[in-house]
*Asks:* 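Structure below; questions to follow.
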Amino acid sequence: MNPSSQSSSRPFEQLSAQSGLGCGPVALAPLARRYGTPLYVYSADQIVERLKLFQEAFASRDHLVCYAVKANSALAILKLLAAHGAGFDIVSGGELERVRAAAPDALARVVFSGVGKTAAEIDLALRANILEFNVESEAELELLAARAAKLKRKARFALRVNPDVFAETHPYISTGLREHKFGIDIGRARALYRKAAGNPWLIPHGISVHIGSQIRSADPFGAAVDRVARLVRQLERDDIQLASIDAGGGLGIDYHGGHFDAAAKVSEYASAIDKALGSFKGRLMLEPGRFIVAQAGALVTQVLQVKRTGKKTFVITDAAMNDLIRPALYQAHHDIVPLTPRKGKPRQVDVVGPVCESGDFFARDRVLPPVQPGEYLALLDAGAYGLAQSSNYNTRLRPAEVLVEGKRARLIRRRETIADLLVPEIP
Ligand SMILES: *Cc1c(COP(=O)(O)O)cnc(C)c1O
């Protein structure tokens, strides 16, 4: 790929012919040699920049950006975001423990989402005195009330409503239609708030929506918040005052290189939401995940072999679907760039990993400059749902992670060892 076609929305740019691709000013090849591959590298500067885009776009109203931990749950990244005022959207007790480990003060800024919370997870969150439970069913509301009464701790809750809004994205990450498993039918919500208002252990605190992920247009966000804001006005007539509206996450990025203006995207998103909120004076909460971390990260991998079979050329890398499953799971596209561009005629190749599955590919029929065994490639825009969705399939060790802060790079997760993997097993 031509380096000039990379937009400044990515922190990965060619530094010079010798240094090759860098993350900010830090060359990637020396990091790959030092820490080994596959290796995730993230730009702290871009992560903070993206958080600030949201915070500044909503500066004129009371707001809280709760980063969706599931997108990338590295402790160092959670700590960084907490230091810049972020709250967190969690979907499990495990993610709560990550927030506690990274930034215990931020527990007061945690919202707990998810369709299947266990009693143990609810207890953990009640004891941690999190900001809000985003409740996804009537049965869950009953369970929350029961646990709150048992622990004698009041629970602030929001109903996650399903606004029945269609958002154009991959079917696996679309969540805002009535046919999806997420949320409570918006028509049922009013009755549930009225019922909960009579329970001494439940505090009706907010209302939330999340219509899916990797949504590129601002319109569906506006439509969803508009429906929610209407319901908030109805509830006010019932004397139920909600302190917050949570617009969820889901703002998408552009995985294909070229120009991507992140600031313009956020400002378009912010005006759609602002308009839909109308006269609402409470707090706006947001749960962006991907938009904050995706473009800040790359997965660096080494070419093991170049294999020709029939008409096809396969570039076999030491990274595989267990390290980054998005291409296999969502047919997702990641731009692939050699760390040191090589002269020669570009060739059409498949870039694949060594895992024993035909679905183990990163790119099919991709035109790349000639690559040789031993050289490094970067899979771009891998900061979100990369390591977070990795596994040990084929008993492969999960990659190390490096965070680049200004001119410095530091290891934030060491590569796993076989000993790590075998610990829980009983032969
Ligand atoms: C996954 C998720 C998010 C984050 O989605 P992104 O597309 O990464 O912004 C936010 N809120 C909820 C409830 C989620 O499930």
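Atoms within each ligand, like the ligands themselves, are counted from 1 in listed order. What you see is a predicted model, and the numbers here were worked out from it, not measured in a lab.
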*Asks:* How far is atom 14 (C) of ligand 1 from the closest protein heavy atom, and which atom is that?
*Replies:*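 Of the protein heavy atoms, Lys70 NZ, 2.8 Å lies nearest.
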
*Asks:* Closer than 3.5 angstrom, by distance alone: can the side chain of Asp360 be matched with the main-chain N or O of Glu357 as a donor-acceptor pair?
*Replies:*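 No.
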
*Asks:* With backbone taken as N, CA, C and O and side chain as the heavy atoms from C-beta onward, which portion of Tyr385 lies under 4.0 Å from ligand 1: side chain, backbone, both, or neither?
*Replies:*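 Only the side chain of Tyr385 comes within reach of ligand 1.
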
*Asks:* Determine, step by step, whether Asn322 and Asn394 satisfy the side chain to side chain donor-acceptor pair (under 3.5 Å) criterion, reporting the C-alpha distance in whole Å, the side-chain angles of both residues, the deciding distance to 0.1 Å, and the verdict.
*Replies:* CA-CA 8 Å; Asn322 73 295; Asn394 280 208; over 6 Å; no

*Asks:* May I ask you to say whether Asp254 pairs ionically with Lys265, meaning some side-chain N is under 4.0 Å from a carboxylate O?
*Replies:*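 Lys265 and Asp254: not salt-bridged.
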
*Asks:* Starting from atom 7 (O) of ligand 1, find the nearest protein heavy-atom neighbour and note its residue, name and distance.
*Replies:*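 So the nearest neighbour among protein heavy atoms is Ser213 OG, 2.3 Å.
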
*Asks:* With respect to Arg160, determine whether any N or O atom, backbone or side chain, lies less than 3.5 Å from an N or O atom of ligand 1.
*Replies:*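 It does not: no N or O of Arg160 is found under 3.5 Å from an N or O of ligand 1.
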
*Asks:* Show the atoms of ligand 1 that are less than 4.0 angstrom away from any heavy atom in Ala68.
*Replies:*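 Result: 3 (C), 4 (C), 10 (C).
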
*Asks:* Go through ligand 1 atom by atom and flag the ones less than 4.0 Å from a non-hydrogen atom of Gly289.
*Replies:*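 Numbered from 1, ligand 1 contributes 6 (P), 8 (O), 9 (O).
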
*Asks:* Numbering the atoms of ligand 1 from 1, which are under 4.0 Å from a heavy atom of Ser113?
*Replies:*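 Answer for ligand 1: 13 (C).
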
*Asks:* Would you say the side-chain atoms of Arg227 pair up with the backbone N or O of Asp164, donor to acceptor, closer than 3.5 Å?
*Replies:*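 Yes; at least one donor-acceptor contact below 3.5 Å.
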
*Asks:* Can you spot which of Gln46, Arg10, Arg50 makes a side chain to side chain donor-acceptor pair (under 3.5 Å) with Gln295?
*Replies:*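 Filter result, single survivor: Arg50.
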
*Asks:* Less than 4.0 Å between a side-chain N and a carboxylate O, is that true for Glu416 and Arg396?
*Replies:*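 Glu416 and Arg396: not salt-bridged.
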
*Asks:* Which atoms of ligand 1 sit under 4.0 Å from any heavy atom of Arg290?
*Replies:*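 Heavy-atom distances to Arg290 below 4.0 Å select 6 (P), 8 (O), 9 (O).
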
*Asks:* What atoms of ligand 1 come closer than 4.0 angstrom to any heavy atom of Gly249?
*Replies:*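 Near Gly249, meaning under 4.0 Å from one of its heavy atoms, ligand 1 has 9 (O), 10 (C).
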
*Asks:* Give the numbers and elements of all ligand 1 atoms closer than 4.0 Å to a heavy atom of Pro288.
*Replies:*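 What qualifies from ligand 1 is 9 (O).
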
*Asks:* Would you say ligand 1 has an N or O under 3.5 Å from any N or O of Gly250?
*Replies:*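 Yes.
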
*Asks:* Does Arg188 pair with Glu138 as a salt bridge, N-O distance under 4.0 Å?
*Replies:*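 Yes, this pair counts.
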
*Asks:* Checking a contact table here: which protein heavy atom is nearest atom 13 (C) of ligand 1, and how many Å away?
*Replies:*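 The answer is Glu287 OE1, 3.4 Å.
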
*Asks:* Are Arg100 and Glu97 within salt-bridge range, i.e. N to O under 4.0 Å?
*Replies:*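 Yes, Arg100 and Glu97 are salt-bridged.
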
